[in-house]
Amino acid sequence: MTDLLASLNEAQREAVAATPGNQLILAGAGSGKTRVLVHRIAWLLQNTDITPHGIMAVTFTNKAAREMRERIEEVLGFPARGMWVGTFHGLAHRLLKAHFKDAKLPESFQILDSDDQLRLIKKLVKQLNIDDERFPAKDIQWWISAQKDEGLRAAHIEAYDPHTQAQLTVYSAYEEACLRGGFVDFGELLLRAHELLRDNQHLLEHYRQRFQYLLVDEFQDTNTIQYAWLRLLAGETGAVTAVGDDDQSIYGWRGAKIENIQQFEQEFSNVRRTKLEQNYRSTGSILTAANAVIENNTDRLGKELRTDSGPGEPLSLYTAFNEQDEAHFVVERIQQWVDNGHRRDSCAILYRSNAQSRVLEEALIRNGVPYRIYGGQRFYDRLEIKNALAYLRLIIGRNDDTALERVINVPTRGIGGKTVDIVRDFARDHGCSMWEAMQQVIQHKLLTARAGNALISFMHLIDQMDEATDDLTLAEMAEQVIEMSGLKDHHMKEKGEKAQARLENLSELVSAAKVYDYDDEEPTSPLRQFLDDAALDAGEQQADEHSDSVQLMTLHSAKGLEFPLVFMVGVEKNLFPHKMSFDEPGRLAEERRLCYVGITRAMEKLYICYAESRRLHGKESFNGPSNFIKEIPSEVIQEVRLRTEITRPTTVASGYASQEAANDLGLKIGQRVFHQKFGEGVLTGVEGSGGNARVQVNFDYEGSKWLVMQYANLRPMDEF
DNA sequence: ACAATATTATCAAGA
DNA sequence: ATAATATTGT
């Protein structure tokens, strides 16, 4: 019994063995938060009459949910059957599945991901004759999601200005379309789960009685509707344990309310508060930097990380010439690290926005360093995967217009925009699905024979696929569909590396289906479960999870992780803090918290990099170092000076010095050279030497440019 | 209807 | 720079 507590420090023990009741655990980065949560649950199970059945634990990601369940079972020594562990979205989905009737949903409702959502909204905007210049579908999508995050339906909103009115019109139409098609988007899952409990007293009573204990991780990132749902479920009897760190609240932009954790003690009765400030992750220097940065924020609950370990190595600051140089520097240091006997997966490169990953990837590939990217485009968001899934969705239900529109002509089969328009209009006018509309349209011969035949053969194809996949396993189904639909041939005919990757992704989908373990207790079919999970799962990546590779991710997706060696790159003005964060007052503080999250990921060594010049979105910019860098005390950070100074050319290098330098590279001034991108040109200057040599080339078509020799990959043109 | 080509929009984070 | 979209020729 007591050995549960033996490995914990004072504060942790206090949190784990607190008398049951409402609890707020303020857990600093690296303070063993998950450990406390796991032990708390185990302790409750061992020392009170609470059973796994009575516990619900909410995590931030599906991955975290899986890990938590595993760790609890490990500590307990037996499976914690009946315990609900998952994300808000996952749990809401489970609830809606179980009570689809009370939730007023069709039994097999379809989860709409943001891509599907956008397509649908675009369609509606067109149908409603709304000016898509003034009201871009993206903006409307964003607005609708924001309303849902606040728990607002179209009927709740009053529009006084034309702008809101337009958005509201779309929202209403969107709600209706979802209702008809049985679609549920991410926000809807939460909203409807809340309404389900609110409007069904018997269900609410049932679940209130069942879940005596509700534990929520990352509480600082809960939004209004999630909080409302939790509050409702807890009632006056359920005990809530909120675990989080106000300093790590970084999802305000998608509706998270930091107030939820700040006011927790006022909102719930008799809250026992524990602060976990002892850090077991990082060196003293890293913590000093983190504490110093976050101190610039106001309205904090107040918390200071401390450690018993020594200061360790100071942080390093590298000023790169440009983003290429930055990437090159990072790769070089990683190679050193690996040469010193470390694993590649012990280091991470963190950036503010996904667009930054490309240059880093290229540098890693060039140097043959294996890497793995987190987040970015989700696996299940890829075009070819979504197409394959759309076919699978049609097998389940012909009335899934979203899926139908997606693949009706992929690969091309003679059903063009005109034909689809006719079907779509018919469907809208008669309030039926497009599949039904197709049948009608064919019967009434509203089309040319050619188009009609194309439609008929498409419908046959789907029916045939349905039949052919009847008794197959999930993986066989996927394989069959990819084959029969012609997707495989379609991508095989494409050329280039991209097509190759697409084919690989499709076979990856089959493998994913192969290893997918569905819950056979559930009434829903394995295929249904698979599709739902695909929509809900962040695709926290299956393949090569265990292979030793460098980890690349955004600062956001780094939350909750730790690495001995961390690089924060692109720490520049306008990029981080991002320039979009300047208008709204709270946003800058959120950026700072993001910086705090980044710094505290590092265990042993942290590099901070920025580039003097950066090419992003096709434009060159000179941003200068981020203000966050200045907030780090100079005692704990050191500038990296490379052994060879780069003298930057202010004028055209003198002919003589240039020729000297050129000799070292085996080049000649005046020589013709070829460049992959810029074509042919004449070498007009050289400067520096070795790895830092830069050359000036006057290109025939592109004009004169300075290039870093190492990356330019110039090929001498033999004179002829 | 399709494929190839020209034009234009987008460019912060994610369940 | 790239991706989505519009236009044009077959």
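All chains are named by letter (A, B, ...) in the order of the sequence lines, taking the proteins before the strands, and each is independently numbered beginning at 1.
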> CD1 of A/Ile408 versus C1' of B/dA1: gap in Å, rounded?
Replying inline: 14 Å
> Separation of A/Ile250 atom CD1 from B/dA15 atom P, in whole Å?
Replying inline: 11 Å
>> Mind checking if A/Arg358 touches a base, just sugar-phosphate, or nothing, with heavy atoms under 4.0 Å?
In response: sugar-phosphate
> Taking the inter-plane angle between the rings of A/Phe219 and A/Tyr227 on a 0 to 90° scale, is it parallel (under 30°), tilted (30 to 60°) or perpendicular (over 60°)?
Replying inline: perpendicular
>> As a test of reading the structure: which of B/dC2, B/dG14, C/dA1 is closest to the side chain of A/Arg615, going by heavy atoms?
In response: C/dA1
> So, the side chain of A/Glu362 versus the backbone of A/Val359: is there a donor-acceptor pair under 3.5 Å, distance only?
Replying inline: no
> Whole Å only: how far is the CZ atom of A/Arg593 from the C1' atom of B/dA13?
Replying inline: 14 Å
> Judged by modelled atom types alone, do A/Gln117 and A/Tyr174 share a side-chain donor-acceptor pair under 3.5 Å?
Replying inline: yes
> Taking for each residue the nucleotide of DNA chain B bearing the nearest heavy atom, is the 5' side occupied by A/Asp149 or by A/Gly416?
Replying inline: A/Gly416
> How is A/Tyr251 classified with respect to the nucleic acid when contacts are heavy atoms under 4.0 Å: base, sugar-phosphate, or nothing?
Replying inline: sugar-phosphate
>> Is there a ring-ring contact (aromatic ring centres under 6.0 Å, His included) between A/Phe109 and A/His93? Walk through the geometry before answering.
In response: CA-CA 10 Å; A/Phe109 61 87; A/His93 179 240; 5.7 Å; yes
> Ignoring hydrogens and geometry, is there a side-chain-to-backbone donor-acceptor pair from A/Gln529 to A/Asp519 under 3.5 Å?
Replying inline: yes
>> Need to verify one output field. Residue with the more 5' nearest nucleotide on DNA chain B, A/Arg413 or A/His89?
In response: A/Arg413
> What is the distance, rounded to the nearest whole Å, between atom CG of A/Asp115 and atom P of C/dA4?
Replying inline: 9 Å
For nucleotides 10-12 of chain B, which of its nitrogen or oxygen atoms have a protein nitrogen or oxygen under 3.5 Å away, and what is each distance?
unit_1	atom_1	unit_2	atom_2	d
B/dC11	O2	A/His617	ND1	2.6
B/dA12	N6	A/Met580	O	3.3
B/dA12	N3	A/Arg352	NH1	3.2
B/dA12	N3	A/Arg352	NH2	2.6

> Considering only the C1' atoms, how many Å lie between C/dT5 and B/dA12, rounded to the nearest integer?
Replying inline: 24 Å
>> Do A/Tyr516 and A/Asp533 pair up side chain to side chain, a donor and an acceptor below 3.5 Å, judged on atom types alone?
In response: yes
> Please give, in whole Å, the distance from B/dA13 P to A/Met568 CE?
Replying inline: 16 Å
> Can A/Thr402 and A/Asp116 be said to form a side-chain hydrogen bond (donor to acceptor under 3.5 Å, both in side chains), step by step?
Replying inline: CA-CA 7 Å; A/Thr402 318; A/Asp116 296 330; 6.0 Å; no
> Taking the six-membered ring of A/Phe622, is NZ or CZ of A/Lys573 closer than 6.0 Å to its centre and within 45° of its axis?
Replying inline: no
>> Rounded to whole Å, please give me the gap between CD1 in A/Ile422 and C1' in B/dA1.
In response: 13 Å
>> Please report the distance, rounded to the nearest Å, between CG in A/Asn62 and P in B/dG14.
In response: 15 Å
With the criterion being N/O to N/O and under 3.5 Å, what pairs connect the protein with nucleotides 5-10 of chain C, and how long is each?
unit_1	atom_1	unit_2	atom_2	d
C/dT5	OP1	A/Lys122	NZ	3.0

> When the distance from CD of A/Gln117 to P of B/dA15 is rounded to whole Å, what number comes out?
Replying inline: 15 Å
>> Heavy atoms from C-beta onward define the side chain here; which of B/dA15, C/dT2, B/dA1 lies closest to that of A/Thr419?
In response: B/dA1
>> Quick check for you: among B/dC2, B/dA15, C/dA1, whose closest atom lies nearest to any side-chain atom of A/Phe186?
In response: B/dA15
> What residue among A/Thr224, A/Leu197, A/Leu191, A/Leu190 forms side chain to side chain contact (heavy atoms under 4.5 Å, CB included) with A/Trp229?
Replying inline: A/Leu197
> Between A/Asn627, A/Asn297, A/Asp247, which is the residue that forms a side chain to side chain donor-acceptor pair (under 3.5 Å) with A/Arg592?
Replying inline: A/Asn297
